[in-house]
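Since the structure comes first, as structure tokens, the remarks are kept for the end.
Quick note: numbers below take in every heavy atom, side chains included, and nothing from hydrogens, waters or symmetry partners.
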Amino acid sequence: MLDLSHPVRQIAGVDLAQDTSERATWYVLPAPPSVVRVDGVPDLRLLRIIEDGQLRSGDFHLRVSLAWAQEQLDEAKALLEEEAHREVTLLPLPVLSAEADIVFAGREPVSESDDTLPPFELRRYGSGQPRLDPPYSAALSTSLTADGTRLVDAVMRGGGAPIGVSYRLLTEALRPGMQVTARVDWSRSYEHFSSHRRTGGFLYTEDVRELVEKLVEDKVIQISAVSTLGVDEEGGADGLQEALAWVQRALVERFCNPVMELRREPAHVSLGTVGEIFKVGHAYQVKALTQVEHAVAEMRLDVATVVRRTLLTQTHLADLLGDADPDEHIEDAEPDHPFFARHELRVRTARSLATDGVSELSADWCYGDRQITLRLTPDEPEAELSTWRDASDGSQWSLVGQVTFADDSPVHAGESMSLPPVEGHGQELTLDLAALLRLHRVEVITVPDPERVLATRVRLRQLQGEDLVEERELVFSGDQARATATFADMAPEQRIEARYGWLLAGGRLLEAAPVVLDTTILRIPPPFAGAFTVRLVSAEDWSELDRLLVSVSKVEDGPGHNLIFDGPGQLRAVALDMPDPTDRSFVYRVKRFWSDGREEEDEPVHTDVAMVMVGGTPANRLVVDFEPLGSELPVAGIHLIQIDLQYVDVPNRLRHSDQLEIRALADRPRWSVELADPTHREYEYRITTYRSSGETQVGPWTKTSERLVVVPIVAQ
């Protein structure tokens with residue numbers, strides 16, 4: 001440890017202090033502050049903010065360190081080894097805390113006509129928190145007023161204003177605290193024992209303490225202390241106690257023998273300073289005394305204490321630039337300067353947190369040297385972050401976070417799990433938590449038929465090769481038509497196998513052949529070929545709608561089923577008798593009840609499509625939504641996705657074509673066509689991908705009647 005009683009040596013220009021116990025170890029004290037250079041250029045900048053041609057304010061930034069040049073350290077080490085004739089070690093002086101400031105310390109004239117001496121003032125412009133790892137570097141940034149900007153400008157250009165960088169480092173060191181001297185006159189001690197103690201008599205620990213106190217009163221024992229500590233610093237009491245303990249040990253060794261008393265209870269081993277020496281109990285027997293030599297014993301004890309001291313090092317601001325040109329580090333900025341530009345990021349999840357069984361997502365957005373914490377919950381599913389754009393080169397950022405699963409989550413209930421890092425440079429980020437956490441959700445949809453089917457059982461098995469990893473079982477009864485199973489830690493080489501069967505009303509059990517799933521949706525067909533199931537889904541766009549009433553029947557005037565939808569995304573299924581297996585046509589009619597009290601009823605629609613979407617859009621209009629799924633386009637190496645669309649109705653001589661574009665993961669283009677024949681909803685689309693590398697990938701024309709088309713974002 002550093003001992004303050006030893007002077008600091010300067011060798012090869014480096015300030016060094018020798019370790020108190022390890023003489024071959026030297027501590028390197030911090031160097032004067034110097035500016036950090038990046039590619040040989042000082043990391044120092046003054047930004048003068050100009051508005052309407054006037055200087056309004058400024059922004060000053062610099063990075064400084066307390067590092068010595070490696071050549072100086074090598075030279076100092078060589079000189080020490082030559083002097084000591086052995087190898088020495090140089091260590092940086094450890095510090096407990098540090099502060100760095102940009103300060104003005106001086107006097108400013110009140111006015112040109114006033115000759116009075118202005119008061120001395122200490123003004124702090126900006127502060128920074130240095131790193132505690134050598135060489136103790138710190139980045140300092142501060143906003144300046146117009147006057148402060150002019151002052152710093154003048155100093156950088158060679159002015160003499162007392163502006164500089166000040167470093168304060170708190171360290172621990174040894175300091176001499178007390179010198180204790182104990183003097184014992186053994187001749188007078190012998191006379192005291194001969195007069196008051198008989199041979200064979202017992203002395204106990206308390207007797208030894210009283211004996212020492214008596215000898216101190218009679219000045220047979222003299223203890224003196226000289227303190228070098230301040231009135232508020234501790235350490236003196238420890239020195240006196242140590243001197244008294246030495247005297248007690250010396251008396252017992254000369255005049256007594258330690259003994260163990262014949263007691264039935266166990267003896268005490270630890271007896272303070274006296275008992276710790278002999279380790280035999282708490283009693284001593286006076287031995288046969290003989291005349292001791294006429295001598296006086298003296299003991300000197302130097303007590304040191306650990307104190308905290310602040311090392312101060314500073315330099316003038318003009319000296320930090322060295323031979324660099326000040327004009328290269330002073331810049332004027334108008335309001336449209338890139339310095340004022342900000343980078344914004346909008347973060348959301350591909351699905352609701354509840355869908356993935358997550359109760360909270362917390363993450364740190366790292367943008368250059370900036371770090372912003374965000375938190376997503378089911379009540380706040382999105383976050384918007386913003387910071388200065390020049391904090392990161394190329395607007396590159398990274399996101400590191402973790403999720404907390406809900407207590408009712410099907411996997412990892414109540415646990416926290418870290419997300420793999422996500423990097424990018426865009427302004428939109430959609431997190432697919434299921435993919436990041438390796439969760440695999442399977443949605444199972446059945447056809448309710450309570451009159452003929454009592455229950456439908458589905459077993460989903462997660463397999464690796466032929467080994468079973470996990471199994472889920474779902475049972476549907478009554479009108480239940482939909483359920484979800486979630487598997488954790490789904491690896492790419494694993495697969496999901498489905499086995500399902502029906503328990504019929506007559507007690508008969510039907511089993512279907514197992515199938516391997518290649519999608520996340522499993523539709524269980526009806527067990528009877530004579531039934532035709534129609535599924536109706538309410539559209540996600542539910543604005544201004546209160547409820548829907550949908551009537552479904554096999555023929556227009558025949559008995560039908562009335563279904564009510566009171567919200568988006570609801571699924572209803574109806575089993576229609578199919579006397580003729582080749583005739584799958586049916587009729588449905590939609591009646592809308594709007595929030596303002598209006599009612600609207602469509603004409604009957606004849607169709608044979610098993611999936612019908614109902615909502616605010618009339619049946620005579622085809623509306624298709626395109627939803628991109630995957631990572632951000634720049635991350636996948638995609639510049640643009642183009643969708644070509646075509647709808648052709650030959651009997652009605654109707655042709656409609658269009659072209660949509662997707663430029664970001666957040667884009668949700670919609671295509672709408674007015675139909676002459678509501679039953680004819682088939683259209684064609686083609687996806688063309690323009691990659692950042694210049695490659696163009698043209699997909700095939702695909703015929704479909706789907707209301708929602710998922711556009712996969714796939715990296716090359």
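- For His656 and Tyr683, the ring centers sit 6.0 Å or farther from each other.
- The pair Glu600-Lys591 does not meet the salt-bridge criterion, since no charged nitrogen lies less than 4.0 angstrom from a carboxylate oxygen.
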Exercise. Determine, step by step, whether Asp489 and Arg438 satisfy the salt bridge (Lys or Arg N to Asp or Glu O under 4.0 Å) criterion, reporting the C-alpha distance in whole Å, the side-chain angles of both residues, the deciding distance to 0.1 Å, and the verdict.
Key: CA-CA 5 Å; Asp489 301 326; Arg438 296 173 59 187; 5.1 Å; no

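- Residue Glu451 places its CD atom among 12 or fewer non-hydrogen atoms of other residues, nucleotides or ligands, all under 6.0 Å distant.
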Listing, residues 347-356 side-chain donor-acceptor contacts under 3.5 Å, not counting sequence neighbours, or none:
residue, atom, partner, partner atom, Å
Thr349, OG1, Arg351, O, 2.5
Arg351, NE, Asp356, OD1, 3.4
Arg351, NH2, Asp432, OD1, 2.5
Ser352, OG, Thr355, N, 3.3
Ser352, OG, Thr355, OG1, 2.6

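- Every residue two or more places apart in sequence or in another chain was checked for a side-chain hydrogen bond (donor to acceptor under 3.5 Å, both in side chains) with Arg668, and none qualifies.
- Applying the side chain to side chain donor-acceptor pair (under 3.5 Å) definition to pairs two or more places apart or across chains, those involving residues 564-575 are Asp566-Gln570, Gln570-Arg572.
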Quiz prompt | Derivation and outcome, salt bridge (Lys or Arg N to Asp or Glu O under 4.0 Å), residues Glu380 and Arg375 | solution = CA-CA 8 Å; Glu380 298 180 3; Arg375 179 174 177 266; 5.4 Å; no

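- Listed by chain and number, the residues in a side-chain hydrogen bond (donor to acceptor under 3.5 Å, both in side chains) with Arg461 are Glu497 (sequence neighbours excluded).
- Figure legend: Arg472 and Phe487 shown as a cation-pi pair, the cationic atom lying under 6.0 angstrom from the six-membered ring centre and within 45 degrees of its axis.
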Which donor-acceptor pairs under 3.5 Å do the side chains of residues 555-563 make with protein atoms, sequence neighbours left out?
residue, atom, partner, partner atom, Å
Glu556, OE1, His606, NE2, 3.4
Asn562, OD1, Ser551, OG, 2.8

N/O donor to acceptor pairs below 3.5 angstrom from side-chain atoms of residues 632-641, sequence neighbours left out:
residue, atom, partner, partner atom, Å
Glu632, OE2, Leu429, N, 3.3

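- Using a 4.0 Å cut-off between a side-chain N of Lys or Arg and a carboxylate O of Asp or Glu, Arg592 and Glu599 do not qualify as a salt bridge.
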Practice problem: Would you sort out whether Asp43 and Arg63 count as a salt bridge (Lys or Arg N to Asp or Glu O under 4.0 Å), showing the intermediate values? | Solution: CA-CA 6 Å; Asp43 189 2; Arg63 274 199 300 159; 2.6 Å; yes

